[in-house]
Amino acid sequence: PSVLSSSQVGAAAAGAAATAAPVIEFPGEPWRDEAAIRDHMRRCDVEVLVIIEAIEPITSSTLMARHSYKFNEGEIEFNKTFVPCVSIGEDGAAILDLDAFHRTRDAPPNADHMLSTPSIL
């Protein structure tokens, strides 16, 4: 086995760095570039599927609601948040307002850090 001096190790490391894959640098914060995100979503024909599943308490039947939101059909909105569609009834049971399920409102000004709408349950 051969032993390399520190200068040889440094030269070998420099040669390896020269042949390594280039580092891709993104100016600014690309995940906040709305125009780039919109362009990507348009090109990829993005569709988001939302599935809600519940169990009906009397029959123990599983119920499922499914909806799709397609970017290229104008169904995905930016700088918006869903209005609350779940509330708590007087008896303490959760109430789902299906009429409010698809409604949105303007997101608060500080919502750029929000990834989701918190649940009330």
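None of the values given here were measured: they were computed from a predicted structure.
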* **Spacing of I76 atom CD1 and Y69 atom OH [to the nearest 0.5 Å]** => 10.0 Å
Just distance, no hydrogens or angles: give the donor-acceptor pairs under 3.5 Å from side chains in residues 55-63, sequence neighbours left out.
{"residue": "E56", "atom": "OE1", "partner": "I58", "partner atom": "N", "Å": "3.1"}
{"residue": "E56", "atom": "OE1", "partner": "T59", "partner atom": "N", "Å": "2.6"}
{"residue": "E56", "atom": "OE1", "partner": "T59", "partner atom": "OG1", "Å": "2.7"}
{"residue": "E56", "atom": "OE2", "partner": "I58", "partner atom": "N", "Å": "3.3"}
{"residue": "T59", "atom": "OG1", "partner": "S61", "partner atom": "N", "Å": "3.3"}
{"residue": "T59", "atom": "OG1", "partner": "S61", "partner atom": "OG", "Å": "2.8"}

* Asked: Which residues pass the ring-ring contact (aromatic ring centres under 6.0 Å, His included) test with H40, sequence neighbours left out?
  -> none
Of all the heavy-atom pairs spanning [X] and [Y], show the shortest one and how long it is.
| X | Y | value |
| --- | --- | --- |
| I88 | I95 | C-CD1, 4.5 Å |
| F78 | M41 | CZ-SD, 3.8 Å |
| A94 | V86 | CB-CG1, 4.3 Å |

* Given the rule in the side chain to side chain contact (heavy atoms under 4.5 Å, CB included) test, do F71 and R38 qualify, once you have shown the distances and angles that lead to the verdict? -> CA-CA 9 Å; F71 181 78; R38 285 177 184 267; 4.0 Å; yes
* Asked: Quick one: do V83 and L96 end up in the same hydrophobic cluster if we chain Ile, Leu, Val, Met, Phe, Trp and Tyr together by side-chain heavy atoms under 4.5 Å apart?
  -> no
* Could you check if a side-chain atom of H67 sits within less than 4.5 angstrom of a side-chain atom of L49, using non-hydrogen atoms only? => no
* Please step through side chain to side chain contact (heavy atoms under 4.5 Å, CB included) for the pair V50 and R66, ending with a clear verdict. => CA-CA 6 Å; V50 178; R66 175 183 60 181; over 6 Å; no
* Asked: Which ILVMFWY residues can you reach from M64 by hopping between side chains whose heavy atoms are under 4.5 Å apart?
  -> I51
* To do: Sorted by first residue and then second, give each side-chain hydrogen bond (donor to acceptor under 3.5 Å, both in side chains) pair with at least one member in residues 42-54; sequence neighbours left out.
  => D39-R42, D39-R43, D45-N72, E47-S68
* Residues that E73 engages under side-chain contact (heavy atoms from CB on, under 4.5 Å), provided they are two or more places apart -> K70, E75
* Kindly write out the residues that satisfy side-chain hydrogen bond (donor to acceptor under 3.5 Å, both in side chains) with D106, not counting sequence neighbours, or none if the list is empty. => K80
